[in-house]
Every structure is written in structure tokens, then in C-alpha cells.
Amino acid sequence: MNEHKTGGPGAFATPADRAQGHEPRSQPWMMAVVGLFIVMVVIAFGRLAFGMLLPEMRASLDLSYRQGGYLAAASGLGYLITVMPAGVMAARWGGRNTILLGMVLVTLSFFGLTLSSHYLLLFGFMAMLGMGSAFAQISQVALVAGWFVERRGAALGLISSGGGLGLLIIGLLVPFLAAHYGDVGWRLAWGLFGVLSMIVAGLVLLCMSDPPVAHGRTRLPSSNWDVYRNPRVLRVAILYGIIGTTYIVQAVFMVSFMLSEGVSAHTAGTIVAVFGILGLFAGPVWGVVSDTLGRSRALILCLATVIIATMLPLLMANTLTFALHYVLLGCSLGGLFPLSQAATTEQVTGSEVPVALGFANLLFAIGQLVGPVMAGWLIDLTGGFRVGFWITCVLMMIGMVLASRIGRADGVGH
């Protein structure tokens with residue numbers, strides 16, 4: 001097999017690959033940096049910024065909390081219904097073309113949200129934003145993974161840090177615009193996101209190209225169901241669904257748990273800020289670790305750290321244990337996403353990779369919808385947070401068992 005290595009400069013494409021039109025537009029590490037900016041735009045600006053912009057949007061447009069919740073759900077629903085077709089389209093059209101489609105949709109959505117005041121238009125643009133995010137995110141993971149066969153964990157870890165970078169920008173930008181521009185501050189924020197999205201789309205056009213495909217990997221799967229029923233893909237997809245379920249419960253309810261136990265809002269904010277800073281480095285570090293130890297061992301270690309972090313405040317709830325919780329979580333949670341994505345790309349070969357990624361991200365998205373509903377029901381039923389968080393610990397232990405059985409398909413990597 002004409003294996004294609006990514007260990008150093010110039011070792012990315014063979015003469016045969018160039019003859020087939022696979023000459024890289026730029027060095028693959030530059031493509032990974034562009035992938036970081038894609039994550040910054042579609043994940044941080046496209047999905048996480050809404051929570052900070054919603055209060056100003058509500059006041060300006062006289063929206064109810066329920067209407068605000070529906071807008072957030074519209075984005076999630078758009079992502080959910082698009083994530084599997086995005087993988088199929090990337091397999092057939094090529095990752096770069098599908099990323100560009102996603103970035104165009106995301107850019108149009110940002111500008112639409114900037115100018116719209118009618119609720120149905122806002123709902124439509126939020127749904128479009130979720131769809132564009134799915135096209136761009138799934139395809140760029142598959143594209144970057146294809147260029148980095150031997151250092152896949154490090155590359156996907158690097159691009160995952162774009163979410164943390166975006167959160168830092170949001171945390172500085174949104175309060176500044178709200179303080180200085182009042183009712184139109186949220187519109188300016190969406191507009192600036194649109195401009196940055198256009199710039200990133202230009203970088204995709206200039207710098208990204210589909211990876212060369214080794215001999216024997218060009219055939220599309222005879223049926224997508226062949227990928228979905230693949231037991232290797234199923235194990236990783238279920239694991240990613242568990243991660244989606246448990247991660248969103250942490251994100252939605254842990255601060256409320258902390259405040260209910262007497263931790264001040266100021267202290268809680270400081271603790272969460274430390275978590276965000278640590279999260280910038282978690283993905284790249286765990287990616288490198290997984291390239292050395294293997295995806296299975298790295299996932300087990302990462303999950304074990306998250307479990308320990310979650311158990312600490314459940315066993316003894318005070319400021320110290322919550323602080324330790326967020327420090328351990330900051331050092332580990334951000335690693336689960338690139339490790340799961342890297343593991344997914346290694347269960348199949350060639351054009352089946354984006355199809356497998358679409359399937360795994362579908363289960364992740366379902367977990368993100370189910371997790372808060374399940375946890376919220378348990379909190380209301382039991383009058384506290386502990387039962388819901390203990391269940392997430394059990395789910396992550398099941399995830400560790402699944403992680404222990406993760407290998408890679410023949411011919412993937414080294």
C-alpha cells in the first residue's frame with residue numbers, strides 16, 4: 001500500500017497523488033490551523049455565543065424565555081437533522097466543498113441574525129446556523145484526519161482548542177458591545193461573527209484541499225448502513241453519545257449545584273474561568289498523549305479523570321471540591337472530543353470516514369438533547385443534583401468499558 005505519512009514537512013503527498021490532483025494547497029499543519037478557526041466560528045460563535053447574547057436579544061425584541069429556548073432548540077435541531085447527511089455529502093463531494101457549503105450557510109445566518117427582528121426569521125436563521133455548523137464541522141474533522149495519519153490525535157486536539165479561543169473572544173467582546181452600544185450591541189456581535197466567518201471561508205478556499213486517497217480506498221461504501229452497522233463504529237458512536245449526554249449535564253447544571261451549596265456567584269465565576277483557560281490546552285495535550293499511548297488508553301485515562309472530578313463535589317460539596325472539580329475537568333473534558341473523533345476516523349477507511357463521523361455526531365447530538373431533559377427531571381423529582389450526576393458517572397464508566405475495546409480498522413495509520 002502507498003501509505004501516506006504526515007510526520008514532517010514535505011512528506012504529505014506522493015508524485016502519484018499529485019498526478020491525481022491531490023497537491024496540497026498549503027502545508028497540512030496550516031490546514032489544521034484553519035480547522036481551529038472553523039471550530040472557533042461554528043462552535044463558539046455559532047452555538048455557544050447565543051447564551052450570552054440572549055439577554056440583550058430578549059430585551060431588544062421583547063422575547064419570552066420560552067421563545068429564547070425555542071431559538072436555541074432551532075440551532076440544535078438544524079444540527080441534528082443535518083449531521084448524518086453532512087457526512088454522506090462529504091464522502092461524495094469532498095470535504096473541502098462541503099466545508100465551504102457549511103461556511104456559506106453559517107455566514108448567511110450570522111448576517112441574517114444581525115438584520116432580523118421578526119421571530120420566524122430569527123428561528124429560520126438559527127436553524128440554518130445549526131445546519132451550516134454540521135456541514136463545516138463534520139467535513140473539516142474528516143479532512144484534517146485524512147492529512148494526519150500518524151499524528152491525528154495532535155491535529156484534532158489542536159483544532160478543538162478553537163472552541164476555547166472563541167469563548168475567550170466572546171467573553172471580552174459581548175460585554176463590551178453591550179456596555180457601549182446598548183440595544184444594538186447584540187446585532188453588532190452577530191455582524192462581527194459574520195465578517196470573521198467570511199474571512200475563515202476565504203482561508204478554507206485558499207488553504208484547504210482534500211487529502212490524497214491511498215490505493216484501494218477510493219470506493220464509496222455500497223451502503224451507508226454498512227458503516228452504521230460496523231461494530232467498531234457502533235462502539236465509538238455509543239461512547240460519543242455518552243460523552244455528549246454527560247458533558248451537557250455538566251455544562252448546564254454544575255454551576256447551579258455549586259451555587260445551591262453556598263458558593264458565591266463571584267467565586268463560581270472565577271472557578272469557571274479557570275476551567276475555560278485550562279480547556280484551551282486540554283485538547284492538544286490529550287491528542288499528543290493518544291498518539292503515543294493509543295486512543296483506547298488515552299480515552300480511558302481521560303474518562304477516569306472526568307469521573308473523579310464529578311465525584312468530588314458529590315462526596316463532599318464545598319468550595320475546595322468544586323474548585324478541584326473544575327480544575328480536573330478543565331484538564332480532561334476538552335480531550336474527550338478530539339480523542340473520540342480521532343478514534344471514529346480510525347474505524348473505517350477512505351470515503352467511509354465522513355459517514356462514520358456523521359453517525360457518531362448524530363448520537364452525540366441526541367445525547368446533548370436527552371441529557372438536560374433527563375437531569376432536569378431527576379433534579380425536580382429528587383429535589384437535588386446528586387442523583388443526576390451519579391448517573392452520569394455510571395454512564396462514563398460504561399464509556400470506559402467501550403473505550404477499552406476500541407481498536408482501528410486494518411490499514412489505518414501505522
Side-chain angles (χ1 to χ4, degrees), residues 4 6 12-13 17-43 45-46 78-111 127-149 152 155-156 159 162 194 196-214 217-221 224 227 341 344-345 348-362:
H4 155 98
T6 61
F12 301 102
D17 297 326
R18 296 187 182 98
Q20 295 173 31
H22 291 298
E23 179 73 45
R25 294 169 182 268
S26 61
Q27 289 291 334
W29 276 110
M30 178 60 70
M31 297 188 209
V33 172
V34 175
L36 181 153
F37 292 136
I38 293 171
V39 169
M40 179 186 74
V41 169
V42 304
I43 301 298
F45 298 162
Y79 183 89
L80 181 65
I81 64 176
T82 311
V83 68
M84 285 182 70
V88 175
M89 290 173 68
R92 297 182 179 276
W93 291 5
R96 176 173 170 268
N97 291 335
T98 313
I99 294 169
L100 282 171
L101 171 63
M103 294 305 299
V104 168
L105 291 176
V106 167
T107 302
L108 291 175
S109 302
F110 284 146
F111 287 134
M128 184 190 293
L129 186 58
M131 293 177 181
S133 298
F135 282 121
Q137 183 186 4
I138 300 303
S139 304
Q140 63 98 11
V141 170
L143 186 148
V144 172
W147 280 110
F148 290 87
V149 177
R152 189 167 289 178
L156 294 180
I159 66 175
L196 291 172
S197 182
M198 284 182 62
I199 294 171
V200 173
L203 291 175
V204 172
L205 191 62
L206 292 173
C207 300
M208 282 193 149
S209 55
D210 291 320
V213 180
R217 298 189 192 178
T218 58
R219 184 180 61 87
L220 287 170
N224 292 331
V227 178
Q341 292 167 349
T344 302
T345 66
V348 291
T349 58
S351 58
E352 294 177 335
V353 168
V355 178
L357 281 168
F359 180 54
N361 277 272
L362 173 70

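Just so it is clear, the structure is predicted and the values come from calculations on it, not from any experiment.
Distance CE/Met89 to OG1/Thr82: 9.5 Å, rounded to 0.5 Å. Residue Met198 holds its CE atom at 9.5 Å from CG of Leu108, rounded to the nearest 0.5 Å. Rounding to the nearest 0.5 angstrom, the gap separating the CE atom in Met84 from the CZ atom in Phe359 is 6.5 Å. Atom CG of Asn97 is separated from atom CZ of Arg92 by 14.5 Å, given to the nearest 0.5 angstrom. Within the model, atoms CG of Asp210 and CE of Met31 stand 9.0 Å from one another, a figure rounded to the nearest 0.5 Å. Rounding to the nearest 0.5 Å gives a distance of 13.0 Å between CG of Leu143 and CD1 of Ile138.
Inter-residue side-chain proximity for Leu156 and Phe148 is flagged as unmet; no heavy-atom pair is nearer than 4.5 Å. Between Arg96 and Leu205 the shortest side-chain heavy-atom distance falls below 4.5 Å. Taking the side chain as every heavy atom from C-beta outward, Ile81 and Met131 approach each other to under 4.5 Å. Here the side chains of Met208 and Leu100 are not in contact, with every heavy-atom distance at 4.5 Å or above. Two residues are said to be in side-chain contact when any heavy atoms from C-beta on lie closer than 4.5 Å; Trp29 and Val33 fail this criterion.
Checked against side chain to side chain contact (heavy atoms under 4.5 Å, CB included), Ala356 has the following partners two or more places apart in sequence or in another chain: Val227, Val233, Thr344, Val348. The side chain to side chain contact (heavy atoms under 4.5 Å, CB included) check on Met103 picks up Ile38, Val41, Val42, Ile99, Ala136, Ser197, Val200, Ala201, with sequence neighbours excluded. Qualifying ring pair (Phe, Tyr, Trp, His ring centres under 6.0 Å) partners for Phe135, counting only residues two or more places apart in sequence or in other chains: none. Among residues two or more places apart in sequence or in another chain, the side chain to side chain donor-acceptor pair (under 3.5 Å) test is passed with Gln341 by Tyr240. For Ser109, the side chain to side chain donor-acceptor pair (under 3.5 Å) criterion is met by no residue, not counting sequence neighbours.
The nearest pair of heavy atoms linking Thr98 to Gly94 is OG1-O, 2.9 Å. The heavy-atom pair separating Ala90 from Ser139 by the smallest distance is CB-OG, 3.6 Å. In terms of heavy atoms, Ala155 sits closest to Val144 at CB-CG1, 3.9 Å.
Although no hydrogens or angles enter the test, the distance criterion places no donor-acceptor pair under 3.5 Å between the side chain of Trp147 and the main chain of Gln27.
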Could you give me the CA-CA distance, side-chain angles and deciding distance for Tyr79 and Asn361, then say whether side-chain contact (heavy atoms from CB on, under 4.5 Å) is met?
CA-CA 10 Å; Tyr79 183 89; Asn361 277 272; 3.2 Å; yes

